[in-house]
Amino acid sequence: MPSASCDILLDDIEDIVSQGDLKPQDRHSARKHVVPKARKRNTQKYLQEENSPPSDSTIPGIQKIWLRTWGCSHNNSDGEYMAGQLAAYGYEITKAQEENKKIVLAGCVPQAQPRQDYLKGLSIIGVQQIDRVVEVVEETIKGHSVRLLGQKKDNGKRLGGARLDLPKIRKNPLIEIISINTGCLNACTYCKTKHARGNLASYPIEELVERAKQSFQEGVCEIWLTSEDTGAYGRDIGTNLPALLWKLVEVIPEGAMLRLGMTNPPYILEHLEEMAKILNHPRVYAFLHIPVQSASDTVLMEMKREYCVADFKRVVDFLKEKVPGITLATDIICGFPGETDQDFQETVKLVEEYKFPSLFINQFYPRPGTPAAKMAQVPAQVKKQRTKDLSRVFHSYSPYDHKIGERQQVLVTEESFDSKFYVAHNRFYEQVLVPKNPTFMGKMIEVDIYESGKHFMKGQPVSDAKVYTPSISKPLAKGQVSGLTEDFRKRLGTDLSSVPHTSTVRRDPASSRMALRLQKLRGDCASGVSVGLALLALLLALLVKVYN
């Protein structure tokens, strides 16, 4: 009998929500132990197979796992950590090719709306419980429905989330995504993510620096800092974003780069001088994502964005002056409740004035359970037309034409979607396509720009230029597990001398790993869960279809 598999889906779409859902602050703290909920069994089938030996496919740790991630870079980071832990426990990460598999959901949507009908009977991992993904997967394989939605606390204080030193599998072995905090300080009337991630909780600077150092030891050459609002970092623990960034640049190897994540205007205003200095640092991309959402103060007030258009312009103008050539990305919501034609025209004028090279245009969608969903809505056709009109403005200008003929240094980190080029980024995190020369990957090279498009440039490598290697060690192979620390391997019950520090872990079921599994199953018996029933439950098909 082939091994069964378990599908892990991570989502941050925030599309279907309910007013009746509990908010994170209303939930109890996470339970110390998983309390599985056994599914009803077919009694006749159970009696027929009661004396049959269990199939090997019921043994946790030998199944294949398919992992799919949607949403922001924070979600991607969570997904990498979950994949790493599962691989470290012996599961094989693979692609999904069949239906009728067991499903575990994680991310903002199930955290914020666990009572939705489409989630009934499914196991759920909360956004602060990703370090317990193995437990949830194992109980799900046995046929149990498990939900871990509590918040992590230390002496009553909310923590930033799971530990940063957990094993992970990077989607791109050259790029490390580090979540510096979770949650935010805002209460935007349209946002459902706050219901899932909660209030601001930051990781200590020393933990973030250690994670960065470990990443460079594993061949990473680019770090992305992510969170719901990087600008708010540290306000809950007595520090701030510039203090963290100055510590991080101290450990970045020459030629490697740091990319900052999204920051809302209110939390960067008081740090403009320091942020300009940091963004001018040679190992930091001169790039910042600052959402404006609307250029109407009336609309911003209804959104509860806690800044006015003048504040946003002050940030943009200051950074453009102090960091020449900086790339500033922003977000726009078209058709927010109450937005008038005049309000929208103000937004159009803002885009025409600044000609943002990167602009994320979103048609407003009311998330049920949010204050904005109860407001008087703009007609759907009007929202659709405004989205089209603003998109037309965005596509009316070419941000990179004037750069043709320039010589630039670029860091090559990935392959293009069409597989025809390698993708690199210059000092301003602008996308530059270069020839697919394997010696370029993970390297800093010099190119001459000869062509430009709306979202990219093309560069020809300079023939006599030096190809610089920023990595201080060889990158991990794709799919290889990062961060198998001694502490984690001790918890696995693994002989430390038998597993290289950065190797992909594959264990024989008859080894000490099996002993640890059996010990866990015996523990389940002690807590009132029948091992026989748990193993048999895997044979009961769980027919679930997930629709995007």
Side-chain angles (χ1 to χ4, degrees), residues 73 76-77 80 168-178 212-225 248-249 251-260 279 281-287 325-327 329 357-358 399-480 482 502 504:
S73 54
N76 278 283
S77 176
E80 290 180 348
K168 74 184 322 187
I169 295 179
R170 300 184 183 95
K171 284 188 175 181
N172 185 334
L174 298 172
I175 298 175
E176 166 73 357
I177 305 173
I178 303 179
K213 289 167 66 176
Q214 177 198 318
S215 301
F216 293 124
Q217 291 289 343
E218 294 174 340
V220 162
C221 61
E222 187 172 287
I223 284 185
W224 297 357
L225 300 186
L248 283 173
V249 296
V251 301
I252 300 176
E254 185 177 355
M257 298 297 292
L258 173 69
R259 192 194 82 172
L260 275 63
L279 290 168
H281 194 283
R283 293 192 285 277
V284 179
Y285 285 118
F287 166 87
I326 187 174
T327 296
S358 182
Y400 306 127
D401 285 356
H402 67 287
K403 297 200 172 189
I404 294 178
E406 287 186 2
R407 180 163 292 187
Q408 302 178 352
Q409 278 198 324
V410 298
L411 179 59
V412 184
T413 56
E414 56 190 319
E415 189 178 79
S416 62
F417 287 118
D418 61 9
S419 299
K420 295 180 179 179
F421 300 91
Y422 280 163
V423 177
H425 291 92
N426 62 16
R427 168 84 178 83
F428 309 105
Y429 203 70
E430 296 163 335
Q431 184 170 268
V432 179
L433 304 180
V434 301
K436 287 182 65 176
N437 183 335
T439 63
F440 292 163
M441 187 58 72
K443 309 294 196 303
M444 186 81 74
I445 65 174
E446 200 168 30
V447 299
D448 289 327
I449 303 300
Y450 66 91
E451 185 181 330
S452 70
K454 178 63 180 175
H455 302 286
F456 66 90
M457 291 171 274
K458 289 183 179 179
Q460 181 62 42
V462 178
S463 58
D464 58 346
K466 177 184 177 183
V467 176
Y468 187 80
T469 304
S471 302
I472 58 179
S473 59
K474 185 178 179 180
L476 302 184
K478 191 171 182 64
Q480 203 168 3
S482 154
T502 57
T504 302

side-chain contact (heavy atoms from CB on, under 4.5 Å) between Leu433 and Val423: does it pass, once the steps are laid out? CA-CA 5 Å; Leu433 304 180; Val423 177; 3.9 Å; yes
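- Note that CG of Asp448 and CE of Met457 are 12.5 Å apart. Values are rounded to the nearest 0.5 Å.
- Considering every non-hydrogen atom in both Pro435 and Phe440, the closest pair reads O-CD1, 3.7 Å.
- With rounding to the nearest 0.5 Å, the separation of CD in Glu406 from OH in Tyr400 is 12.0 Å.
- Counting all heavy atoms, side chain and backbone alike, Ala286 lies closest to Phe428 at CB-CD2, 3.6 Å.
- Among all heavy-atom pairs drawn from Val447 and Val434, the shortest one is CG1-CG1, 4.0 Å.
- Each of Ile223, Leu248, Leu258 was checked for a side-chain contact (heavy atoms from CB on, under 4.5 Å) with Val284, and the lone residue meeting it is Leu258.
- In this structure the side chain of Tyr285 never reaches within 4.5 angstrom of the side chain of Thr327, judged on heavy atoms.
- The closest side-chain heavy-atom distance from Glu176 to Gln214 is not below 4.5 Å.
- By the neighbour-count criterion of 12 heavy atoms within 6.0 Å, atom NZ of Lys436 is densely surrounded, having more than that number from other residues, nucleotides or ligands.
- Classified by interplanar angle (parallel below 30°, tilted 30° to 60°, perpendicular above 60°), the ring pair Tyr429/Trp224 is perpendicular.
- Separation of atoms CG (Leu411) and CZ (Arg427) is listed at 13.0 Å; rounding is to 0.5 Å.
- Note that OH of Tyr422 is 7.5 Å distant from CG of Asn437, once rounded to the nearest 0.5 Å.
- Lys458 contributes no side-chain N or O that, together with a main-chain N or O of Ser452, makes up a donor-acceptor pair within less than 3.5 Å.
- To the nearest 0.5 Å, the span separating CG on Asn426 from CE on Met257 amounts to 9.0 Å.
- Side-chain contact between Thr439 and Val467: absent, with no pair of heavy atoms (C-beta onward) separated by less than 4.5 Å.
- The shortest heavy-atom contact between Pro470 and Gly442 is CD-O, 3.3 Å.
- A salt bridge is absent between Glu222 and Arg259; no separation between the charged side-chain nitrogens and carboxylate oxygens falls under 4.0 Å.
- Between Glu414 and His425 there is a side-chain heavy-atom pair separated by less than 4.5 Å.
- Within the 4.5 Å cutoff, side-chain heavy atoms of Glu446 are placed close to those of Arg407.
- Here the CG-NZ distance, from Leu476 to Lys168, works out to 11.0 Å after rounding to the nearest 0.5 Å.
- Within the 4.5 Å cutoff, side-chain heavy atoms of Leu174 are placed close to those of Met441.
- With hydrogens and angles disregarded, no donor-acceptor distance shorter than 3.5 Å links the side chain of Arg170 to the backbone of Lys478.
- Closest heavy-atom contact between Phe287 and Ala329: CE1-CB, 4.2 Å.
- In this structure, Lys454 and Pro399 have side chains that are in contact, with non-hydrogen atoms separated by less than 4.5 Å.
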